[in-house]
Amino acid sequence: MNSFSIKIGGEAGQGLVSVGNILLQAISQEGWYLFSHRDYESRIRGGHNFTQFRLADEPVHTLEEAVDVLVALDKATIDRHRQELKEDGVVIYDPSVQGETIDEPGFVAVPFVEVAQDQGQPKVMANAAAAGAIWSLLGDDLERVNGIFAAMFSRKGEDIVEGNKKVAQAGFDRVRDALGHRDMPPKPANAGPQYLIAGNPALASGALAAGVKFMSAYPMTPSTGVTEFIAANGRRCSVIMEQAEDEIAAMNMVVGASYAGARAMTATSGGGFSLMTEAIGMAASAEVPVVVIDAQRPGPSTGLPTRTEQGDLLYGFGTASGDFPKAILAPGDVQEAFYLMGHAFNLADKYQMPVIVMSDQHLADSYETTIPLDMDKVIVDRGEIVSGDEAGPDYKRFALTESGVSPRLVPGSGPALTVAAGDEHDEEGHLVESAEARRAMMDKRMAKMKGVAEEALPPVLVGDDEPELVLISWGSTKGALFETVDKLQEKGQKVKGVHIKQVYPFSQDLEAVLQGPGKKVVVESNYVGQLEKLLGMEFAWKPDGCVRRYDGRPLNPDYILRELEGGGHLG
Amino acid sequence: MNSFSIKIGGEAGQGLVSVGNILLQAISQEGWYLFSHRDYESRIRGGHNFTQFRLADEPVHTLEEAVDVLVALDKATIDRHRQELKEDGVVIYDPSVQGETIDEPGFVAVPFVEVAQDQGQPKVMANAAAAGAIWSLLGDDLERVNGIFAAMFSRKGEDIVEGNKKVAQAGFDRVRDALGHRDMPPKPANAGPQYLIAGNPALASGALAAGVKFMSAYPMTPSTGVTEFIAANGRRCSVIMEQAEDEIAAMNMVVGASYAGARAMTATSGGGFSLMTEAIGMAASAEVPVVVIDAQRPGPSTGLPTRTEQGDLLYGFGTASGDFPKAILAPGDVQEAFYLMGHAFNLADKYQMPVIVMSDQHLADSYETTIPLDMDKVIVDRGEIVSGDEAGPDYKRFALTESGVSPRLVPGSGPALTVAAGDEHDEEGHLVESAEARRAMMDKRMAKMKGVAEEALPPVLVGDDEPELVLISWGSTKGALFETVDKLQEKGQKVKGVHIKQVYPFSQDLEAVLQGPGKKVVVESNYVGQLEKLLGMEFAWKPDGCVRRYDGRPLNPDYILRELEGGGHLG
Amino acid sequence: MADKLFQTTPRETAWCPGCGNFGILNALSDALEELSLEPHDVLFVSGIGQAGKTPHYIKGNVFNTLHGRTLPAATGAKLVNPELTVFAIGGDGDGYAEGGNHLLHAMRKNVNITYLVHDNQVFGLTKGQASPRSDQGFVTGTTPQGVSLESFSPLATAITLNAGFVARSFSGNKSHLVETIQAAVNHEGFSIVDILQPCVTFNKINTFQWYRSRVYDLKDDENYDPSNRTAAWEKAQQWGDRIPIGVFYKVDRATLDEAHPASANGPLVKQGVEYDGVKEILDGFAVNG
Amino acid sequence: MADKLFQTTPRETAWCPGCGNFGILNALSDALEELSLEPHDVLFVSGIGQAGKTPHYIKGNVFNTLHGRTLPAATGAKLVNPELTVFAIGGDGDGYAEGGNHLLHAMRKNVNITYLVHDNQVFGLTKGQASPRSDQGFVTGTTPQGVSLESFSPLATAITLNAGFVARSFSGNKSHLVETIQAAVNHEGFSIVDILQPCVTFNKINTFQWYRSRVYDLKDDENYDPSNRTAAWEKAQQWGDRIPIGVFYKVDRATLDEAHPASANGPLVKQGVEYDGVKEILDGFAVNG
Ligand SMILES: Cc1ncc(C[n+]2csc(CCOP(=O)(O)OP(=O)(O)O)c2C)c(N)n1
Ligand SMILES: Cc1ncc(C[n+]2csc(CCOP(=O)(O)OP(=O)(O)O)c2C)c(N)n1
Ligand code: SF4
Ligand code: SF4
Ligand SMILES: [Mg+2]
Ligand SMILES: [Mg+2]
């Protein structure tokens, strides 16, 4: 792969997001593949944030640590990130913010505000100066960027569009004059139509495509993007998003709505998930399908609210008191985010149980270009539902069946009645105390896990069939994992990559991989090795080594390769 | 062991508890060893409940399934339990309740109410008739029981005492006349002084002996006994028990009290534990010691509120989002209940972390005779505490140390200040965002697990050193496990019993046991085999078989032996 | 006599003989009988506690959910199917202790459901601990020195939160209770009926007799005007020698389901995937280079 | 000039320039300075949100706990050490959404702490969603059609729950705020001060100017009597063109720490194991055959 990385750093509220949006659009429209991640603090203004873009001639799903261009809207960007610069790297900075002019090769001073004002434009157009300056490295002219200005600002009037264009041109010229033309990765031919989308909208769209009719949530980073996306499309997609007073209410509203017959979901993170676990257990007992997105962030507790981690797997595995059927899915990229939501709803409906979708800040907030999401591929399977007209007076909500699944009745759909309880109950749903009835109902509920396990999604495998090294990971680490495999293969190593997108129950296909050839290394974003522990539990197995990251930043191939080379973690 | 079992069944509110209390006192005062368990429904009146007593010539920690005497205060008792009767068993029943007289060997009709009224006493004294009737099998006269009446009712006046005595005598005579004298297990000589105590009071007393100063809880069966015991002793032991509006408040009050310097705890069950998990994670992050009793009952959800299960182990293991230090203890009997509470507080204080004590309904509600609990054996170790006078202005609450433990400061104890946060923080306790600071603080917190693991309590081992069969269990299954080992040894089998009282982190001593000789069978009260899974995770190990019970009733040697013989579960 | 539609089932109840819950169950059954509803039009969502068992003894759809969570579960169900007549049923512990936050916000939301609180001033099922409704001084296992907290006033709180329909009734006065439940159901918006319900086992203070000798009907005062919010709030403070029952306060406000445009085309439970809407969203992600 | 004891720290705040939180921080610092307390006598318990960060910028003991859980954490600390002056500090989302149940019951408990609510009528930290204090019609990412719920009135609710000290102040009026905080601290029992705090980033409706042109001091009305509960409750309804600030209601009630006999011998944090008491309990288990 041939790629090029740009990092733009600045304070919150300085316009980072605007410059970022322009670049996201421009780069992807220009035809490159793109991956971009935001790194931001838990505050609204100030601090030090950055966005990193990586464009490439091949599909790209992770960042690299070194950057080709550093754009400094604040002083901290250069102080903290200059050592990440590649040889020949370029730094575009604002000398007025930096407090000095830096006379080093590759450093170009662009006083963004001044540039805007020189063009007779207001200060806020400093953003356009930055965008133009950056674009001088990527393109030969500003046509692409100007088109974006037109689309973005036409509602605000022609003056604004033209002002932005002028300022961008001035920024462009400054850098072009200083550095001349730069070679960029080739633009892929025949890439075909692409989407530009981040994890949160992909999850939300997946839910809408699956026919979610009700969502309730309480805002919590990094899940809020899902919530607001659903809310924004309430009218368009006939879905209610009701902001709850707390996560307990959110989850219980969802269970109530699903009991009543609507596909229903929530999204939360860490502490919010804690508050939902009681109702998740209740849904399992009353056999009410629910889908819960847990967008992980570093814990314990409030931890680092805007950072990433894969630290809730063991918690999700335990979920709540007692034994009950459930499944946990962990999308690795926006494609999986979209399609696994549909799968989650189908599993939930088919087995009348909770399904947890584990996202994280890295997935939630990273944009990537990807082939179009196809809603015709989303199949809606509501499982066994019986109407109140068909059911007849002897209908029993929890009729004992071999599969463990009993046809569900939508209340009000006809004369038959449906009774459900979180207490232990008999086939009709009324409370029981006897040992026999308890055993029968446990057997029935847990029988569902047979079906769930049989259709567990297999791991995604890449690389060699007879590997010397097998790298195993889950969820949003997928992109970093697979690129690491590529890089090691390029160096001539025999490597296999194993991406696990269903983390509970595991596909039995994993057994062959774990017992197969090659040293096994589990790669994940947490301290204790949560996937490793679960694999150990299921397969009585221990890996040969591990790569773990727990500083709140996403894994990437450079980090993984360094750890593998360090070898310290190879047991 | 030579033992004798009595089961008294009836509706809630019928006086079962009173008869039971008289028998508990009388049997234990008489010098027998005793174990007794209550089986009751989640309702206040009616239904079918029973209490079972097993007296023996040796210490006894579990029930047997077959009974020598069945005392029927309701009809259901005979209908449901007569098949449990041993050969030569006796049934004492009330023909007016039964609706018929049963003319079979061993059946003695005692119309309890009528007997009371015949003696010119009120209906409620039917209890005394039952007590007297039962005692005719156990003793040669009613001196013992009369003494208990005197102690119980003297405050109510001599008339009441005498009335009870008369009625009891009439009940006694009825049965003695019908059946004559019965042989009972010998009374142990030199048993030494004994306590009669159930799990809940043992846990509560353990906490008081350890100097708990604050408790907050929201009532939830089967933990409420702990709460009410502490509340009742508020004045006597200088401890506040504050009933909270919900479990979230309870747990957060506890964390607040502990932050302020007091030993603090809560007790709850299933759904209540769910609501506490967020604050448990927060305690871990802010390094505030807390002790949480989770009195398990069958889940999922509200499940069977008054029954028993060991179904929260995986949940407790996950506990909350993110990775953090903690320990989980699981007392096997009243002795362990008492002493492990002290240990729990010491661990919590020493490592400034949450400690979960997993009890269950079986432990909570079972009475047993036991050697005295010795508060001089309870050592209070508050860990590293520094006063605000000593600490100095540069005091840092989360100073990085090798052990991971940083001296804790009690706020208000002198000029130095203490700052703590559930967000990720620096050494001073203020919020941080940097990767380096995050890594350092995670390393510090998790370093504590080294110490915690090193002092993990070893398993309790009984039986053969070179076993063919190794039975492994945890928590309240201890009594059933050890008696099973005895019984198999009596049959000439080479068996070892392994009781795990610290379930997280495990003692490394377990490794040798698991890898050692003999078929391994894990015995536990849940559906999926939660201990088995955790052992599998830690030691990459699978047992040869398992015995599981998940109908809400406690394990006992008969059940275990039957399952072992069935062999179906031996892999 | 024809069978009642909302007959109480022959199922044995888990209640103590003489419990105030029986009166509520019977009144509920009678009230529904006259409301031209069929059992399958009705959903009873209940909590955990003795009160929470009520729906198991009457005909209708039942969701017996968690302790304290009746209101959000009922809200979720109502929002996706406004055609259901939804009751939330629970005890005073359920609603005012564990569920307090939901009560506050259900009233703000003004979702069109009827909330029946079986108010026995005690935690019944867990054997007699203090509830937020326990009078000061009430001695229980968790409050051996007697309750020190001021008793919670659900009615004054509901009036403060501008709940649509705020009433109190008494399990020992069937006709009053039947009438009050019917009025509550007929009110469009959130209705709360706090029902004095003697617990014969654990509350030896607030007995049938205690209540009976104290309650009086607000209707007896011709001048009482349930649209006067301040007067209602003051009336709601009355407790002790005289305890008012009846409709304290009534106000018409927009309900939550009306606020969501999604339900414009009928109940959401009857809607499928909005193919065109989703397509439009997905097209919006396309890189139009 | 000598350093202030309760100086705000040089630590950079995480707040937006111009945020109403600065006014509160400064007023808090000034208020404490005059109360003859030392920083180590004071404990600030705070929640999660922009408001919850406040204690990190002032001298004192700090426990920055969970979103919505300031009140129980503060209550626990106060009960075991009544010698500490305890503040609970959080946002309107923290206190009235996530923490609503604790608010209700903290007022019933009447624990002797001071609760400062930074009321910006919005969720600041999570970027501008509606809070229970948002005015009807307020458009946010979670309420694209505008908030339909009635705004929560913390003051009317507090008066209904008979909270000991109920006040409102304004971040833009420092002397008023300083005075109000001092009065709140001096009150024995639960004090709540709802502080109007403009969020310059996410609330473009309820701005400094919006508040400034509306607030008036209750003291300006000579006849206003904070011991008149009904009048206070009615006054607490006022919102819109004119917004009263000041002490709405005050009442003396027994505090929670007084209710527990355990603290009779001084703060529990200073007590050890009650050897004799425990011994007595254990002896009670002995089988005296
Ligand atoms: C989360 C949770 N906490 C506690 C309990 C235990 N619990 C069951 S019912 C109940 C209180 C019952 O009181 P109330 O709601 O007034 O109902 P009542 O039995 O008096 O009708 C409690 C505390 C529970 N089931 N779930
Ligand atoms: C359990 C939980 N739910 C949600 C969040 C996310 N969260 C953090 S602050 C906040 C709301 C902030 O609003 P407010 O309390 O009014 O404080 P402000 O930022 O406006 O001062 C939310 C929802 C959280 N940290 N924990
Ligand atoms: S305990 Fe009280 S509330 Fe429960 S059934 Fe008995 S009398 Fe009724
Ligand atoms: S977002 Fe609002 S409340 Fe938060 S710091 Fe900025 S202005 Fe203040
Ligand atoms: Mg009650
Ligand atoms: Mg706010």
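This one's a predicted model, so the numbers in the text were calculated from it and none came from an experiment.
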Worksheet entry | Flag, side chain of D:Ser46 to backbone of D:Gly52, donor-acceptor distance under 3.5 Å | yes
Practice prompt. Please work out whether the ring planes of D:Phe22 and D:Trp15 are parallel, tilted or perpendicular, with thresholds of 30° and 60°.
Written response: perpendicular
Worksheet entry | Heavy-atom proximity to chain B below 4.5 Å, by part of D:His260 | side chain
Worksheet entry | Residue, of D:Ile281, D:Asp283, D:Thr75, that accumulates the most heavy atom pairs under 4.5 Å with chain B | D:Ile281
Worksheet item: Under a 4.5 Å heavy-atom cutoff, which of B:Ala249, B:Gly261, B:Ala262, B:Ala250 has the most pairs with chain D?
Response: B:Ala249
Item to complete: Sort B:Ser216 into side chain, backbone, both or neither according to what part of it lies under 4.5 angstrom from a heavy atom of chain D.
Response: neither
Worksheet entry | Options D:Asp257, D:Leu256, D:Asp276, ranked by heavy-atom pairs under 4.5 Å with chain B, top entry | D:Leu256
Discussion item. For B:Arg397 and B:His425: C-alpha separation, side-chain torsions, deciding distance, then whether side chain to side chain contact (heavy atoms under 4.5 Å, CB included) applies.
Written reply: CA-CA 10 Å; B:Arg397 170 65 188 94; B:His425 42 264; over 6 Å; no
Response to the item:
Heaviest contributor of heavy-atom pairs below 4.5 Å to chain D, chosen from B:Arg235, B:Arg263, B:Met282, is B:Met282
Response to the item:
Whatever's closer than 4.5 Å to a heavy atom in chain D on B:Val212 counts as neither
Item to complete: With a 4.5 angstrom heavy-atom cut-off, could you sort out which part of D:Tyr275 is near chain B: side chain, backbone, both or neither?
Response: both
Item to complete: Considering only heavy atoms and a distance below 4.5 Å, find which of D:Lys53, D:Lys109, D:Lys279 pairs most often with chain B.
Response: D:Lys109
Discussion item. With chain D as the partner, which of B:Asp246, B:Val239, B:Val380, B:Leu373 has the greatest number of non-hydrogen pairs under 4.5 Å?
Written reply: B:Asp246
Practice prompt. May I ask you to decide if B:Phe53's main-chain N or O and B:Ser36's side chain share a donor-acceptor pair within less than 3.5 Å?
Written response: no
Worksheet item: Is a side-chain donor or acceptor of B:Asn233 paired with a backbone partner of B:Cys237 at a separation under 3.5 angstrom?
Response: no
Response to the item:
Answer key: most heavy-atom pairs under 4.5 Å with chain D among B:Gly281, B:Ser285, B:Ser238 is B:Ser238
Discussion item. Quick check on B:Ala202 against chain D: is it the side chain, the backbone, both or neither that has a heavy atom closer than 4.5 Å?
Written reply: neither
Worksheet item: For chain B, which residues from residues 61-71 of chain D have at least one heavy atom closer than 4.5 Å to it?
Response: D:Asn61, D:Val62, D:Phe63, D:Asn64, D:Thr65, D:Leu66, D:Arg69
Item to complete: Check each atom of B:Pro415 against the heavy atoms of chain D and say whether the ones under 4.5 Å are side chain, backbone, both or neither.
Response: both
Worksheet item: Got a donor-acceptor contact below 3.5 angstrom from the B:Asn252 side chain to the D:Pro72 backbone?
Response: no
Worksheet item: With a 4.5 angstrom heavy-atom cut-off, which part of B:Met251 approaches chain D: side chain, backbone, both or neither?
Response: neither
Item to complete: Against chain D, label B:Ala283 side chain, backbone, both or neither, depending on which of its atoms sit under 4.5 Å from a heavy atom there.
Response: neither
Practice prompt. Specify which of D:Gln271, D:Arg11, D:Lys78 makes the most heavy-atom pairs with chain B at under 4.5 Å.
Written response: D:Arg11
Worksheet item: Using non-hydrogen atoms only, which part of B:Pro411 is less than 4.5 Å away from chain D: side chain, backbone, both, or neither?
Response: both
Worksheet item: Just by modelled atom types, is the D:Ala31 backbone N or O under 3.5 Å from a matching donor or acceptor in the D:Glu34 side chain?
Response: no
Discussion item. Under a 3.5 Å distance rule, please check whether B:Gln194 uses its side chain to pair with a backbone N or O of B:Ala191 as donor and acceptor.
Written reply: yes
Worksheet item: When you check the side-chain N and O atoms of D:His118 and D:Asn21, is any donor under 3.5 Å from an acceptor?
Response: yes
Discussion item. Using a 4.5 angstrom heavy-atom cutoff, name the option from D:Glu280, D:Lys270, D:His102 with the most pairs to chain B.
Written reply: D:His102
Worksheet item: So which part of B:Val255 gets closer than 4.5 Å to some heavy atom of chain D, the side chain, the backbone, both or neither?
Response: both
Worksheet item: For B:Tyr367, does the OH atom have more than 12 heavy-atom neighbours from other residues, nucleotides or ligands under 6.0 Å away?
Response: no
Worksheet item: Any sub-3.5 Å donor-acceptor pair from D:Glu274's side-chain atoms to B:Ala209's backbone N or O?
Response: no
Worksheet item: Can you tell me if D:Asn26 and D:Tyr57 form a side-chain donor-acceptor pair at under 3.5 Å?
Response: no
Worksheet item: If you count heavy-atom pairs under 4.5 Å between each of D:Asp41, D:Asn81, D:Val42, D:Asn101 and chain B, which one has the most?
Response: D:Asn101
Discussion item. Report which part of D:Leu43 has an atom under 4.5 Å of a heavy atom belonging to chain B: side chain, backbone, both, or neither.
Written reply: side chain
Practice prompt. Would you confirm whether D:Asn112, through its side chain, and D:Gly189, through its main-chain N or O, come within 3.5 Å as a donor-acceptor pair?
Written response: yes
Worksheet entry | Lys/Arg N to Asp/Glu carboxylate O, B:Lys396 vs B:Glu428, below 4.0 Å | no
Worksheet, complete the sentence: With chain D, the option among B:Ile248, B:Thr370, B:Val254 that has the most non-hydrogen atom pairs under 4.5 Å is B:Ile248
Fill in: Closest-packed option against chain D by number of heavy-atom pairs under 4.5 Å, given B:Gly422, B:Ala420, B:Ala260
B:Ala420
Fill in: Part of D:Ala74 lying under 4.5 Å from any heavy atom of chain B
neither
Discussion item. Using a 3.5 Å distance criterion without hydrogens, assess whether the side chain of D:Asn162 forms a donor-acceptor pair with backbone atoms of D:Ala158.
Written reply: no
Worksheet item: D:Phe285 vs B:Tyr195 aromatic rings, parallel, tilted or perpendicular, using cut-offs 30° and 60°?
Response: tilted
Item to complete: Would you check if the side chain of B:Glu368 reaches a backbone N or O of B:Leu34 as a donor-acceptor pair within less than 3.5 Å?
Response: no
